[in-house]
Protein chains: 2
Amino acid sequence: MISRQKLLEAAARVFAESGFRGATTRRIAEAAGVNEVTLFRLFGSKSQLLTEAMQCMHPNAGLNLPAEPGDVERELLTWSEGHLEAMRSMRHIIRKTMAELEEHPEMRQVVCDAKTPMFNQLLSYVSLAWPSATAGDESMRRTACSMLVSAMFSDAIGRDVVSAAYPVPAESAAQKYLTVFLRTMGPVRRPTAGRTLATAAND
Amino acid sequence: MISRQKLLEAAARVFAESGFRGATTRRIAEAAGVNEVTLFRLFGSKSQLLTEAMQCMHPNAGLNLPAEPGDVERELLTWSEGHLEAMRSMRHIIRKTMAELEEHPEMRQVVCDAKTPMFNQLLSYVSLAWPSATAGDESMRRTACSMLVSAMFSDAIGRDVVSAAYPVPAESAAQKYLTVFLRTMGPVRRPTAGRTLATAAND
DNA sequence: GTTGTATGCAAGTGCCTGCTTGCTCTGTGT
DNA sequence: ACACAGAGCAAGCAGGCACTTGCATACAAC
């Protein structure tokens, strides 16, 4: 039974390196330290193995915004930094998965299951933190949330490729994106006392 | 000599559908309506053909911001819409190229040559339109430009996959992203009279 | 009319691919 | 002691892969 797990992990690793076609059963078996025949005995086919391997990935478990906004800036910063780091560490597999979508539509579910809740969570949190009157119209709010998520997504998968398009250092990128987002959204419902992110950004 | 061009175009097409490994010489030759042997006679190898095919792609030719800002909002809108549409139409090949980077590093140049000038052009235009005093610090300006480009990039390659993360309709997305960007940047150096994008966004 | 260039066609090479078969070993429960 | 499940190993199969060879054809230049 331990061979199963080793194969699933190896499959995800090799897929992230080389994509579907490049992830040959021989390479996966070798990476798992398992005989190639065992792969077919346990999973039946290469497609089945890779499909199962993708389904057991749930990257952003435990990265939730509170149901009721408290210290909005801090909570959003923790959330943004966590998601940015998570997406960065998965950038190879994200790139490969997005490229395989036409040929393997079942992988769409994996991408959607990761990104959709992230956006929805941000949007519902923001709706509570900025009641509609203070934040421009609803469309503006949605656009701002979409842009924050897009900035992090794009940073995660693009920074190591076109570094010139990401002028902010990697470590402070989440904070900078959030600062711009906060500037768009305007003052928060319950402003925190003292030094805030918005003023700290001018350092 | 016309076979050369047919093969280059077919190679780009098949690569966009199936990636490097999936773009077999047989498929490319068939798509070009040319004998497979001709492919090897003209290009020597599959790698050579695909490398040349990628190099003759210059998607954003003729999409330039003026050297001297005039009607800033209109100019930025035209520029954003043009680039968003261009990137959307190339989303398949962009996704495939980004996935091949580890195995074919020579393709990095293609991505950089497309995205870096786009960002740099925006940044230098914005530096002229918003002198530093009115636009927050330099880091903020760079971050905002990066986020606008990221929003368009992410929209182009992600909208057809995770539509839920892009709540704005495709046709007005560029305008909405730009509106948020303008809100971040504050009033433009030479404000235009009458109805502006910022007020129009509240429709 | 000959030469040269560009292309097509048929066949084949050696390698890799997903997947199978048949057999062996090893540990575990009864 | 025995049965049985899990796993390894060696070998092989049919098909696809990049790429080559040899030869035939068209067409333009001289």
Side-chain angles (χ1 to χ4, degrees), chain A residues 1-56 92-93 96-97 99-107 110, chain B residues 1-56 92-93 96-97 99-107 110:
Chain A
M1 278 303 165
I2 199 172
S3 292
R4 241 192 111 79
Q5 199 55 36
K6 281 198 285 186
L7 279 166
L8 284 171
E9 284 164 23
R13 224 160 50 234
V14 176
F15 172 81
E17 281 171 23
S18 314
F20 189 92
R21 260 181 263 257
T24 69
T25 53
R26 289 197 229 285
R27 283 187 64 193
I28 295 173
E30 191 184 6
V34 155
N35 195 281
E36 192 187 356
V37 182
T38 304
L39 185 158
F40 288 100
R41 276 198 277 245
L42 290 177
F43 294 93
S45 74
K46 164 179 161 173
S47 294
Q48 188 60 34
L49 165 62
L50 278 169
T51 301
E52 285 194 37
M54 301 309 286
Q55 278 166 354
C56 12
H92 296 106
I93 210 164
K96 288 288 192 297
T97 307
E100 303 285 350
L101 285 174
E102 290 98 4
E103 293 182 89
H104 301 94
E106 71 277 10
M107 291 189 180
V110 181
Chain B
M1 277 303 166
I2 198 171
S3 292
R4 240 190 113 79
Q5 199 55 35
K6 282 198 283 184
L7 279 166
L8 284 170
E9 283 163 24
R13 225 161 49 233
V14 176
F15 172 82
E17 281 171 24
S18 315
F20 189 92
R21 258 181 264 257
T24 69
T25 52
R26 286 193 236 286
R27 285 187 62 194
I28 295 173
E30 190 184 6
V34 157
N35 195 280
E36 192 186 356
V37 182
T38 304
L39 185 157
F40 288 100
R41 277 197 276 245
L42 289 178
F43 294 93
S45 74
K46 166 180 161 174
S47 293
Q48 190 59 36
L49 165 60
L50 279 170
T51 301
E52 286 193 39
M54 302 308 286
Q55 279 166 355
C56 23
H92 297 107
I93 210 165
K96 288 288 192 296
T97 307
E100 301 287 350
L101 286 172
E102 291 97 4
E103 294 182 88
H104 301 94
E106 71 277 12
M107 291 190 180
V110 181

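These numbers were taken from a predicted model, which means no experiment stands behind them. Residue numbering restarts at 1 for every chain, and letters A, B, ... go by the order of the sequence lines.
Using a distance-only test at 3.5 Å, with no hydrogens or angles considered, no donor-acceptor pair links the side chain of B:T38 to the main chain of B:V34. Looking only at distances, a side-chain donor or acceptor of A:E100 sits under 3.5 Å from a matching main-chain atom of A:F20. Although no hydrogens or angles enter the test, the distance criterion places a donor-acceptor pair under 3.5 Å between the side chain of A:R27 and the main chain of A:G22.
Atom C1' of nucleotide D:dG16 and atom CZ of B:R21 are separated by 14 Å, given to the nearest angstrom. Rounded to a whole Å, the CG atom of A:L39 is 11 Å from the P atom of D:dG8. Summarising the geometry, the separation between CD1 on A:I28 and P on C:dG18 is reported as 8 Å, rounded to the nearest angstrom. For the pair A:E36 CD and C:dC19 C1', the interatomic distance rounds to 8 Å; values are reported in whole Å. Distance, A:E30 CD to D:dG8 P: 13 Å, rounded to whole Å. Summarising the geometry, the separation between CG on A:L7 and C1' on D:dG6 is reported as 13 Å, rounded to the nearest angstrom. Distance A:F20 CZ to C:dT17 P: 13 Å, rounded to the nearest Å. If you take NZ of A:K6 and P of D:dG6, they are 15 Å apart, rounded to a whole angstrom.
Classification of B:E36 and B:K46 as a salt-bridged pair fails, no side-chain N sitting under 4.0 Å from a carboxylate O. Using a 4.0 Å cut-off between a side-chain N of Lys or Arg and a carboxylate O of Asp or Glu, A:E9 and A:R4 do not qualify as a salt bridge.
With rounding to the nearest 0.5 angstrom, the OG atom of A:S47 is 11.5 Å from the CD atom of A:E52.
When each of D:dA10, D:dA18, D:dG12 is scored by its nearest atom to the side-chain atoms of B:T24, the top-ranked nucleotide is D:dA18. When distances are taken from the side chain of A:V37 to each of D:dA7, C:dG18, D:dC9, the shortest belongs to D:dC9. Of the candidates C:dC9, D:dT20, C:dC19, the closest approach to any side-chain atom of B:F40 belongs to D:dT20. Proximity note for B:R26 (side chain, C-beta onward) versus D:dA7, D:dC19, D:dG8: the nearest is D:dC19.
Under 4.0 angstrom from either OP1 or OP2 of C:dT7 there lies no side-chain N or O belonging to B:N35. Between B:S3 and C:dT7, a side-chain N or O to OP1/OP2 separation shorter than 4.0 Å is present. Within the structure, every side-chain polar atom (N or O) of A:T38 is placed at least 4.0 Å from both OP1 and OP2 of D:dA7.
Annotation: proximity of residues 41-55 of chain B to DNA chain D (heavy atom, distance under 4.0 Å) is found for B:S45, B:K46, numbered in ascending order.
Note on A:A23: only backbone sugar-phosphate atoms sit closer than 4.0 angstrom, heavy atoms only; bases stay farther off.
Applying the salt bridge (Lys or Arg N to Asp or Glu O under 4.0 Å) test to A:E106 and every residue at least two apart in sequence or in another chain returns nothing.
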